[in-house]
Amino acid sequence: DIVLTQSPVLAVSLGQRATISCRASQSVSISSINLMHWYQQKPGQQPKLLIYRASNLASGIPARFSGSGSGTDFTLTIDPVQADDIAAYYCQQSRESPHTFGAGTKLELK
Amino acid sequence: EVQLVESGGGLVQPGRSMKLSCAASGFTFNNYDMAWVCQAPKKGLEWVATISYDGSSTYYRDSVKGRFTISRDNAKSTLYLQMDSLRSEDTATYYCARLDYSSSFAYWGQGTLVTVSS
């Protein structure tokens, strides 16, 4: 299985930039297609798709969210961080089955 | 508006069965692959199973192969998960999700909690 590694916690100040990383145990890219996606989950709610295929903003998601990366290293950036962004963030690969998720990064306020 | 509404969760004894349903609306159900994703209490997300748009192909994570069956009724726009021989480690909130052409889980239901305990 492809293992996705995320830091458990990231503390940021409101108005600052948050950079959340996800490292895969093997490449999740096919040619130029990066099969990595990012989700936000607030307590008591279902996950919400933020970014698909590494860098594409999902419908209705604010432009302060962006994604980048290829191969094994991917980044979700939130700039600037707002109070509503305090949540857990998960990366997920669809390069091969099983479609694994990272353990999640909890974004906290400093 | 895309809506996915799960039902059928609750408390069940180890070794027993349970069937979850997910009623879909707001999109053409038979155009999309669908999936179940679970989340154990205070834990991360785990993909469980996927079914193709026409039901002809199914895929499962190893820990549920032979015990869980994903199916769909396109006439009723409903997704199912039949769970047999349930174990305590199956305790989780189960989410129904629609896969998009990008192969991401584009839409999620609110989830239904399954608790396996005697």
Side-chain angles (χ1 to χ4, degrees), chain A residues 1-9 20 22 28-61 65 67 74 76 87-107, chain B residues 1-7 9 20 22-24 26-27 32-52 57-65 68 70 79 92-114:
Chain A
D1 297 2
I2 296 178
V3 176
L4 302 180
T5 301
Q6 297 182 246
S7 297
V9 176
I20 298 172
C22 177
V28 299
S29 302
I30 303 176
S31 298
S32 60
I33 301 173
N34 301 302
L35 294 170
M36 181 67 78
H37 321 289
W38 290 95
Y39 303 85
Q40 176 194 66
Q41 187 179 32
K42 297 179 181 178
Q45 295 187 17
Q46 69 268 52
K48 179 197 297 186
L49 177 66
L50 296 176
I51 301 285
Y52 62 92
R53 294 194 176 182
S55 59
N56 299 279
L57 205 59
S59 176
I61 302 302
F65 291 91
F74 296 86
L76 171 70
Y89 292 86
Y90 295 90
C91 56
Q92 176 249 328
Q93 64 82 22
S94 57
R95 170 64 178 83
E96 65 177 45
S97 186
H99 291 177
T100 46
F101 290 85
T105 297
K106 195 178 235 187
L107 190 65
Chain B
E1 180 195 2
V2 172
Q3 284 205 315
L4 300 169
V5 180
E6 300 94 337
S7 60
L20 306 182
C22 170
F27 65 100
Y32 292 91
D33 295 353
M34 298 293 295
W36 290 97
V37 177
C38 72
Q39 185 170 35
K42 304 293 187 188
K43 299 292 185 184
L45 301 165
E46 197 168 72
W47 168 76
V48 176
T50 295
I51 186 167
S52 61
S57 299
T58 56
Y59 311 89
Y60 300 92
R61 66 177 301 105
D62 284 349
S63 62
V64 307
K65 272 182 193 171
F68 289 12
I70 188 172
L79 177 72
T93 295
Y94 285 76
Y95 296 100
C96 157
R98 189 189 94 176
L99 279 111
D100 239 0
Y101 302 112
S102 64
S103 73
S104 63
F105 299 110
Y107 294 93
W108 299 66
Q110 85 287 351
T112 187
L113 177 62
V114 173

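In this text, all values refer to a predicted model and were calculated from it rather than measured experimentally. Chain letters run A, B, ... following the sequence lines, proteins first, then strands; residues in each count from 1.
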Completion exercise
If you tally heavy-atom pairs under 4.5 Å between each of G44(B), A97(B), A35(B), S102(B) and chain A, the highest tally belongs to S102(B)
Completion exercise
Rounded to the nearest 0.5 angstrom, the CG-CG distance for L57(A) and L49(A) is 9.0 Å
Problem - Donor-acceptor side-chain pairing of T93(B) and Q39(B) below 3.5 angstrom - result: no
Practice task
Any side-chain hydrogen bond (donor to acceptor under 3.5 Å, both in side chains) involving residues 42-53 of chain A? Give me the pairs, sequence neighbours left out, ordered by first then second residue.
Solution key: K42(A)-D84(A)
Handout entry: Region of E46(B) that comes under 4.5 Å of a non-hydrogen atom in chain A
Key = backbone
Problem - Contact leader toward chain B among S59(A), P47(A), G102(A), G44(A), where contacts are heavy-atom pairs under 4.5 Å - result: P47(A)
Donor-acceptor contacts, no H, no angles, side chain residues 106-114 of chain B, under 3.5 Å, sequence neighbours left out:
{"residue": "W108(B)", "atom": "NE1", "partner": "F105(B)", "partner atom": "O", "Å": "3.0"}
{"residue": "Q110(B)", "atom": "NE2", "partner": "E6(B)", "partner atom": "O", "Å": "3.4"}
{"residue": "T112(B)", "atom": "OG1", "partner": "G9(B)", "partner atom": "N", "Å": "3.1"}

